[in-house]
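Below is one structure, written out as structure tokens; the observations come after it.
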Amino acid sequence: MMRVLIVMFSSFLIVGGTSRVSTTCTAEACLTLHLEKEHFEKASKNCIDNGGKLVTMRNDDELQSVKSAVLAAAAEGEKERVFSSKLWIGLSLQKRRCTDSTEELHGFRWTSEPEDSQYSYWKKKPLRTCTEKRCVSISLADDLRWTDGSCRDRAFYMCKFLSKGMCRPIVLEEQSEIKYNLPFLSEPLTLDERLVMIPHGTWAEVQCVGSEMPIISFCSNQDGPFDWTNSERFCAPEKRSCELKNGGCEQLCSVTAGGGVRCECREGYHLMDDKVSCAAKDNCENLPCEFKCLPTATGYSCACAEGFRLSGDNISCVDINECSEEICGDHWCQNTPGSYRCDCHPGFKLVAGKCEDVDECTELK
């Protein structure tokens, strides 16, 4: 079961005086929304040159991550530009490859591995072609549904950068300044308390009050959890308190007998190895669901794959007989495990699992 923890920070950076970049991070990756219109190939190259790929939407979790990133950019004063503009994603149909209406992706492929997926979010069926390269864009105005178009069009674009791990932000006294140099951005970011996670490979410039030279610290793997190097040299560590940015704790902060800080979690969560982050307890661990377990606030529930339903014990799955619902109309229907197949009458052909009338006049052209 895939779980995406969306731990957001969003900040705009002006690069080269014109290009605006909004950066958003989840627990595993960072997304950069580039508000500078480029052709599809140039947008893809820009992502690759910085160590990333054009963003993908292979499942609903990735869709929600992209939607959160776009909405965060819209909230940063770019609502009109972001809402109405097209945004390239990493999905295209190569030249001399035909569209295929029997596939979820209609013959299109993702520009990063894995290239295929069984998830789709089309606004409408893409143009039928075997000779033209087509590229896919999304728009907040269309609820981020996929639309194919010419790859020579210009659009905003979003890159995705995978991360080995994340560090919590550095907590210092208010007068100190910290600049974060993310590995995929050319200029440093100075971020406020909305910053929740920093990606691995970031190096920070910690400027303490009264000090001429900044302390340089890297977000790296510190024998297990990801943390900052040289943290013992940070200014005024003794002033870390629950009153200052919640002591760096994600949820609950308490004062120890010695006057220090201890992070704790709310009910239903447990403390992570970094001793500041909290994660939801897995109510599905070692439970008997046949296919998929979904954690809930009070326990868990079982779910089945598409084409199956829960049996009376609410644990095992049984096949749904779609043929009993006359899903093929007056054509022949054959039930299969988790699916069905329509066998069409003469004069009809199978298109995306349905029998459609053949226009013989068009077929002869």
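Heavy atoms only: backbone and side chains are in, while hydrogens, waters and symmetry mates are out.
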For this session: Look at D143 together with K123 and state whether they make a salt bridge at an N to O cut-off of under 4.0 Å.
Result: no
Exercise. When clusters are formed by joining ILVMFWY residues with side-chain heavy atoms under 4.5 Å apart, either directly or through shared neighbours, do Y121 and W110 land in the same one?
Worked result: yes
Problem set entry | Any side-chain donor near an acceptor of the partner, N321 and S324, under 3.5 Å | no
For this session: Measure the shortest side-chain to side-chain distance between I48 and K53 over non-hydrogen atoms and say whether it is less than 4.5 angstrom.
Result: yes
For this session: Check the pair H34, N46 against side-chain contact (heavy atoms from CB on, under 4.5 Å), reporting the backbone distance first and the verdict last.
Result: CA-CA 10 Å; H34 298 258; N46 288 348; over 6 Å; no
Exercise. Any cation-pi pair here, K86 with F156, using under 6.0 Å and within 45°?
Worked result: no
For this session: Kindly indicate whether the side chain of C333, heavy atoms from C-beta on, has any atom under 4.5 Å from the side chain of I327.
Result: yes
For this session: Would you kindly say whether the two SG atoms, from C342 and from C328, are closer than 2.5 Å?
Result: yes
Exercise. Do you know which two heavy atoms are closest between V318 and S311, and how far apart they sit?
Worked result: CG1-CB, 3.9 Å
For this session: Identify which one of W88, W122, F108 satisfies the ring pair (Phe, Tyr, Trp, His ring centres under 6.0 Å) criterion when paired with W146.
Result: W122
Exercise. Can you find a pair of side-chain heavy atoms, one from S117 and one from N59, that are under 4.5 Å apart?
Worked result: no
Exercise. For H331, what residues pass the ring-ring contact (aromatic ring centres under 6.0 Å, His included) criterion, not counting sequence neighbours?
Worked result: H345, F348
For this session: Any chance you could measure F161, atom CZ, to H200, atom NE2, to the nearest 0.5 Å?
Result: 15.5 Å
Problem set entry | Heavy-atom side-chain contact between I138 and M57 under 4.5 Å | yes
Exercise. Considering only heavy atoms from C-beta outward, does the side chain of H106 approach that of D100 to under 4.5 Å?
Worked result: no
Exercise. Will you find, in the side chains of R58 and S112, an N or O donor that is under 3.5 Å from an N or O acceptor?
Worked result: yes
Exercise. Going through the checks in order, is the side-chain contact (heavy atoms from CB on, under 4.5 Å) test met by L71 and L140?
Worked result: CA-CA 8 Å; L71 290 175; L140 196 57; 4.0 Å; yes
Exercise. Any side-chain heavy atom of I320 within less than 4.5 Å of one from E325?
Worked result: yes
Exercise. Honestly curious: do M158 and F83 fall in one hydrophobic cluster under the side-chain, below-4.5 Å linking rule?
Worked result: yes
